[in-house]
Amino acid sequence: MEDDKTRITFKAPIKPIRERVYSKLPEEIARIRGKYFRTNFSHYLQYGSIDTLNETRILLQTPMNFNEQATDELLEFFEIYFLSCVKQTEENLDIPYFQVRQDPNVVQRFIEFYNKILDEKNMDDNNSFQTLTHYSLQVFQLCRLLWGPIETPTNIQLINQTYFEEQQRRHLLSNWLHQCILSQPQQEQWIMQNCEFLSRGLLNDCVKFAHDEGDLRLAALVHAASGSNTVRDILRHCAHEDIVDIYSKDFRRTIAILSGEFIVKGHNLVDQNRTTYWQMALALHLWFANSASDSVSTIVRDFESAYQEHYWLEPIAHHGNTKALDLRWKLLKLYTDDTYPIDNVFDVSSYTQNPFDYRLSWMLYMTLQSLGSCPLLIENDASVHVSFARQLEQLGFWQLSIFVLLHINEPTNRERIVNEFLHRHVTSDIDLTQDEQTLVDKYNIPINMILSAKAQRAEYDKQWTNAVRLWIDAKQWRKAHDTYCYYVFHDTLMKGDHEFAKEVLDLLDHQRANIAHWNRRGGFARQYIDLLIIFDKIRHGQTTFSNRIHTNILTQVHRLCDQLADVIADKYFKRISLIDISRRLLSILNYAIICSNIPNLINDSDENFARKLNLFHQSILSSVPCSLPIDLLLEQIELKYRSHRH
């Protein structure tokens with residue numbers, strides 16, 4: 001099986017490397033001289049090397065292998081997304097531009113899609129939390145509650161609309177954190193489970209559980225704190241008194257949660273072992289530490305200050321071996337901090353350990369735009385689309401990769417990058433394949449753009465004849481002319497396919513105004529091909545060698561000789577083609593001189609023309625050395641030409 005040229009992987013040969021002081025290199029490494037370096041992406045990227053001569057880096061990427069189910073989910077997502085985007089009309093641009101609709105229903109469709117997938121899998125909470133599907137669902141739900149529209153009751157007149165919406169978002173965030181916390185594994189010890197109930201906000205469950213376990217004191221405490229701010233104030237006061245030290249660690253933790261005073265004497269009573277994940281810590285601030293009127297921004301800032309002072313764990317991404325912040329936390333920062341760079345939320349290390357899995361980044365980008373976010377800068381916008389397109393390309397969905405690239409905002413970049421991807425995947429055949437026709441029918445890519453890419457691919461595959469036909473079909477007359485004259489013309493002379501040459505050159509002659517240097521390139525080749533066609537017709541008896549034909553041949557030879565010096569000086573045609581042309585013209589001129597110097601050949605009798613024909617054949621077939629230099633041939637032609645004219 002032939003290797004796929006479009007793959008971007010590098011299979012390094014096995015090469016033993018000695019152990020160095022600072023690291024232990026793997027056995028597989030690029031066979032390139034230079035200094036070894038360690039990549040900082042993840043264990044999916046192994047070691048590479050730097051060539052000190054050209055400073056070229058080779059990254060050894062593990063090919064991405066999705067299971068069949070994940071592949072089907074990706075295709076189904078695109079079917080849903082295709083209904084959520086719209087083709088924009090841009091003047092003076094042929095390449096289409098797709099953009100997601102600014103509609104909050106878009107993110108709702110994404111949420112319903114992932115809910116459907118999780119329902120079909122019948123996964124429990126513990127397993128589903130660790131999947132990218134469940135994580136993506138939480139991301140989309142968070143985007144909806146932060147930037148989605150808030151429904152306003154019609155039967156109530158609101159005095160402060162902004163405050164109402166902020167409180168509604170706080171309520172939605174509370175529910176979202178509750179669902180995130182429920183997906184985490186619970187502790188087994190009963191007193192720890194009470195603390196889990198408290199931290200999750202399940203106060204009624206905590207009272208019932210404490211009562212069932214016989215701890216009536218704790219049950220009464222929780223019951224009183226759940227409905228009374230006075231009791232919470234007393235607990236907040238007790239948390240800072242020395243009397244709290246007489247209680248057990250778990251009971252002190254309960255008092256700290258209920259009072260909202262987590263930090264006492266420089267210690268976090270709730271998370272003394274630093275094991276509480278950031279969603280639970282943020283929920284504790286929202287439920288117990290902050291007041292009921294605080295906004296989402298205030299709650300996020302308070303939690304951020306606490307973890308920066310090392311009282312809570314940092315909101316690190318859920319996968320291991322990374323220091324990147326969790327994508328969900330970055331979205332909260334993006335909502336609460338106007339100066340937070342939006343580019344940060346598209347870092348793949350924020351949600352996966354595979355540095356080449358850009359699915360969620362691209363989906364998130366589309367989601368934010370559907371909720372009213374402005375596009376990224378030109379470079380960053382193209383980077384998000386190209387990264388995901390390359391992933392789709394490696395998975396074999398190159399048509400979808402083209403569709404993704406059609407979302408690039410900047411038209412010049414969009415056209416250039418789409419052409420690069422098309423060149424790697426279109427065929428060099430003249431007819432469109434089914435996949436190529438789909439690009440035209442479904443994604444509205446201009447057929448001339450497809451044909452131009454096919455012509456480029458044909459040139460890459462050295463299928464020059466197909467390239468000429470494709471350039472003509474794409475109405476790229478100059479490129480068709482250049483490709484034919486430089487690559488196909490000599491083959492025409494060698495194979496004798498003069499009819500194809502005449503067809504192409506006659507067609508290009510109608511577009512001569514759009515072709516530079518037509519007279520000394522394509523026009524010269526067309527005149528010479530017409531001369532060869534006359535020779536073929538005479539040879540096969542299709543044309544009688546009359547005086548008119550004789551005069552026509554000499555006229556065309558004179559015209560070609562007049563242009564030959566300029567054609568040779570242009571250095572456009574291949575040298576071997578010019579030698580062949582010069583040999584033939586020299587032979588014809590020899591024949592013309594013989595005819596002009598023999599008096600009895602001037603008459604137009606049949607006998608004389610038969611003798612002319614015999615001399616003509618002898619002169620055409622006369623041996624002129626192939627190794628004769630072109631400058632010497634040109635000199636002889638000029639000499640013969642002047643002798644004949646005088």
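All of these numbers come straight from a predicted model, not from anything done at the bench. Any value given below was found using the heavy atoms of this structure, including those in side chains, with hydrogens, waters and symmetry copies removed.
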**Student:** Looking only at non-hydrogen atoms, find the nearest pair between Arg144 and Leu371 and report the distance.
**Tutor:**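 Reported closest heavy-atom pair: N-CD1, 4.5 Å.
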**Student:** So, Ser387 side chain and Ser383 main chain: donor-acceptor pair closer than 3.5 Å or not?
**Tutor:**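 Yes, the answer is positive, given that a donor and an acceptor are paired below the 3.5 Å cut-off.
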**Student:** Nearest 0.5 angstrom please: Cys180 SG to Leu173 CG, how far?
**Tutor:**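 Interatomic distance, Cys180 SG to Leu173 CG, rounded to 0.5 Å: 9.0 Å.
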**Student:** Quick one: do the Ser84 and Arg109 side chains pair a donor with an acceptor below 3.5 Å?
**Tutor:**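 Side chains of Ser84 and Arg109: pair found under 3.5 Å.
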**Student:** Listing request: all salt bridge (charged side-chain N to carboxylate O under 4.0 Å, His left out) pairs with a residue in residues 165-176, at least two apart in sequence or in separate chains.
**Tutor:**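 Sorted pair list comes back empty.
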**Student:** Drop me the distance from Ile342's CD1 to Leu368's CG, to the nearest 0.5 angstrom.
**Tutor:**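 The distance works out to 5.5 Å.
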**Student:** Check whether any side-chain N or O of Asn115 sits under 3.5 Å from a backbone N or O of Ile111 as a donor-acceptor pair, and report yes or no.
**Tutor:**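 Yes; at least one donor-acceptor contact below 3.5 Å.
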**Student:** Do Ser291 and Asp294 meet the criterion of a side-chain donor-acceptor pair at a distance under 3.5 Å?
**Tutor:**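 Indeed, the side chains of Ser291 and Asp294 share at least one donor-acceptor pair under 3.5 Å.
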**Student:** Run the numbers on Trp312 and Tyr277 for ring pair (Phe, Tyr, Trp, His ring centres under 6.0 Å), then give the verdict.
**Tutor:** CA-CA 8 Å; Trp312 298 105; Tyr277 39 89; over 10 Å; no
**Student:** Does the side-chain hydrogen bond (donor to acceptor under 3.5 Å, both in side chains) test come out yes or no for Glu415 and Asn419, once each step is laid out?
**Tutor:** CA-CA 6 Å; Glu415 184 173 4; Asn419 273 324; 4.5 Å; no
**Student:** Can you confirm whether the side chains of Tyr351 and Ser361 place a donor and an acceptor under 3.5 Å from each other?
**Tutor:**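 Note: Tyr351 and Ser361 side chains meet the donor-acceptor criterion.
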**Student:** How far apart are the closest heavy atoms of Leu405 and Arg414, and which atoms are they?
**Tutor:**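 Looking at all heavy atoms of both residues, the shortest contact is O-CG, 3.4 Å.
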**Student:** Run the side-chain contact (heavy atoms from CB on, under 4.5 Å) test on Asp347 and Leu327 for me, step by step, so that the C-alpha distance in whole Å, both residues' side-chain angles and the decisive distance to 0.1 Å come before the verdict.
**Tutor:** CA-CA 8 Å; Asp347 181 12; Leu327 172 59; over 6 Å; no
**Student:** With Val296, which of Ile299, Thr298, Val300 fulfils side chain to side chain contact (heavy atoms under 4.5 Å, CB included)?
**Tutor:**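 Among Ile299, Thr298, Val300, the one meeting side chain to side chain contact (heavy atoms under 4.5 Å, CB included) with Val296 is Val300.
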**Student:** Are the ring centres of Phe303 and Tyr307 closer than 6.0 Å?
**Tutor:**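 Yes: the rings meet the under 6.0 Å criterion.
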**Student:** Taking atom types as modelled, is there a side-chain donor on Ser136 or Thr133 under 3.5 Å from an acceptor on the other?
**Tutor:**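 Thr133 and Ser136 do not have a side-chain donor-acceptor pair below 3.5 Å.
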**Student:** Evaluate the criterion salt bridge (charged side-chain N to carboxylate O under 4.0 Å, His left out) for residue pair Glu436 and Lys442; output intermediate values, then yes/no.
**Tutor:** CA-CA 10 Å; Glu436 295 162 356; Lys442 187 173 183 179; over 6 Å; no
**Student:** Is there a donor-acceptor pair under 3.5 Å between the side chain of Glu309 and the backbone N or O of Tyr311?
**Tutor:**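 No, Glu309 side chain to Tyr311 backbone: no donor-acceptor pair under 3.5 Å.
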**Student:** Against the six-membered ring of Phe346, is Lys330 placed for a cation-pi contact (under 6.0 Å from the centre, within 45° of the normal)?
**Tutor:**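 Because its charged atom misses either the 6.0 Å distance or the 45° angle limit, Lys330 does not stack over Phe346.
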**Student:** Mark yes when over 12 heavy atoms from residues, nucleotides or ligands other than Lys116 sit less than 6.0 Å from its NZ; otherwise mark no.
**Tutor:**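 It does not: Lys116 NZ has 12 such atoms or fewer within range.
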**Student:** Assign the ring pair Phe82 / Tyr443 to parallel, tilted or perpendicular, where the plane angle (0 to 90°) is split at 30° and 60°.
**Tutor:**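 The rings of Phe82 and Tyr443 stand perpendicular, inter-plane angle above 60°.
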**Student:** Looking only at heavy atoms, which two atoms of Leu406 and Pro96 are closest? And how far apart?
**Tutor:**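 Looks like CD2-O, 3.7 Å.
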**Student:** Looking at CD of Glu120 and CD of Gln69, how far apart are the two atoms once the value is rounded to the nearest 0.5 Å?
**Tutor:**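 Separation between the atoms: 8.5 Å.
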**Student:** So, Gln437 versus Asp441: side-chain donor-acceptor pair below 3.5 Å or not?
**Tutor:**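 Yes.
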**Student:** Using a distance-only test with no angle check, is there a side-chain donor-acceptor pair under 3.5 angstrom linking Asn409 and Tyr97?
**Tutor:**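 Yes, side-chain donor-acceptor contact under 3.5 Å.
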**Student:** State the CG-CH2 distance between Leu334 and Trp329, to the nearest 0.5 angstrom.
**Tutor:**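 CH2 of Trp329 is found 12.5 Å from CG of Leu334.
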**Student:** Take Glu393 and Arg424 through the test salt bridge (charged side-chain N to carboxylate O under 4.0 Å, His left out) and record every step on the way to the result.
**Tutor:** CA-CA 10 Å; Glu393 182 184 36; Arg424 290 202 290 267; 2.8 Å; yes
**Student:** Could you go step by step and tell me if Asn354 and Thr352 meet the side-chain hydrogen bond (donor to acceptor under 3.5 Å, both in side chains) rule?
**Tutor:** CA-CA 5 Å; Asn354 189 340; Thr352 179; 5.8 Å; no
**Student:** Would you find more than 12 non-hydrogen atoms of other residues, nucleotides or ligands less than 6.0 Å from Glu151 atom CD?
**Tutor:**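 It does not: Glu151 CD has 12 such atoms or fewer within range.
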**Student:** Taking all non-hydrogen atoms of both residues into account, name the closest pair between Ala317 and Ser349 and its distance.
**Tutor:**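 Scanning both residues, the minimum pair turns out to be CB-O, 3.8 Å.
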**Student:** Keeping the roles fixed (side chain from Arg328, backbone from Val139), state whether a donor-acceptor pair exists under 3.5 Å.
**Tutor:**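 No, the answer is negative, given that no donor and acceptor are paired below the 3.5 Å cut-off.
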**Student:** Return the minimal non-hydrogen interatomic distance between Val348 and Asp357, and the atom names on each side.
**Tutor:**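 Taking Val348 first and Asp357 second, the nearest heavy atoms are CG1-O, 3.5 Å.
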**Student:** What do the steps show when you test Tyr365 against His385 for ring pair (Phe, Tyr, Trp, His ring centres under 6.0 Å), and what is the final call?
**Tutor:** CA-CA 9 Å; Tyr365 187 29; His385 294 301; 5.5 Å; yes
**Student:** Can you check whether Ser370's main-chain N or O pairs, donor with acceptor, with Gln102's side chain at less than 3.5 Å?
**Tutor:**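 It does not hold such a pair.
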**Student:** For Trp287 and Ser174, does a side-chain donor sit closer than 3.5 Å to a side-chain acceptor?
**Tutor:**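 Yes, side-chain donor-acceptor contact under 3.5 Å.
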**Student:** Kindly say whether Asp435 contributes a backbone atom to a donor-acceptor pair with the side chain of Gln399 at under 3.5 angstrom?
**Tutor:**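 The answer is yes, because a donor-acceptor pair under 3.5 Å joins these two groups.
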**Student:** Look only at the side chain of Trp176 and the backbone of Gln138, and say whether a donor-acceptor pair between them is shorter than 3.5 Å.
**Tutor:**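 Yes.
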**Student:** Looking just at side-chain N and O atoms, do Asn448 and Asp94 make a donor-acceptor pair shorter than 3.5 Å?
**Tutor:**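 Result is no, nothing qualifies.
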**Student:** Taking all atoms of both residues into account, what is the closest heavy-atom pair of Trp278 and Leu332, and its distance?
**Tutor:**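 Where Trp278 meets Leu332 most closely, the heavy atoms are CZ3-CD1, 3.9 Å.
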**Student:** Name the residue from Trp362, Phe110, Phe113 that meets the ring-ring contact (aromatic ring centres under 6.0 Å, His included) definition with Phe78.
**Tutor:**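 That would be Trp362.
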**Student:** If you measure from CG on Leu172 to CG on Leu146, what distance do you get to the nearest 0.5 Å?
**Tutor:**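 It comes to 9.0 Å.
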**Student:** Determine whether a donor-acceptor pair (N or O, by modelled atom type, separation under 3.5 Å) exists between the side chain of Ser350 and the backbone of Asp326.
**Tutor:**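 No; zero donor-acceptor contacts below 3.5 Å.
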**Student:** Under 4.0 Å between a Lys/Arg side-chain N and an Asp/Glu carboxylate O for Lys333 and Glu304?
**Tutor:**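 Between Glu304 and Lys333 there is a salt bridge, with a charged N closer than 4.0 Å to a carboxylate O.
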**Student:** Within the 3.5 Å criterion, strictly below it, is a donor on Tyr114 or Asp119 matched to an acceptor on the partner's side chain?
**Tutor:**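 The answer is no; no qualifying pair exists.
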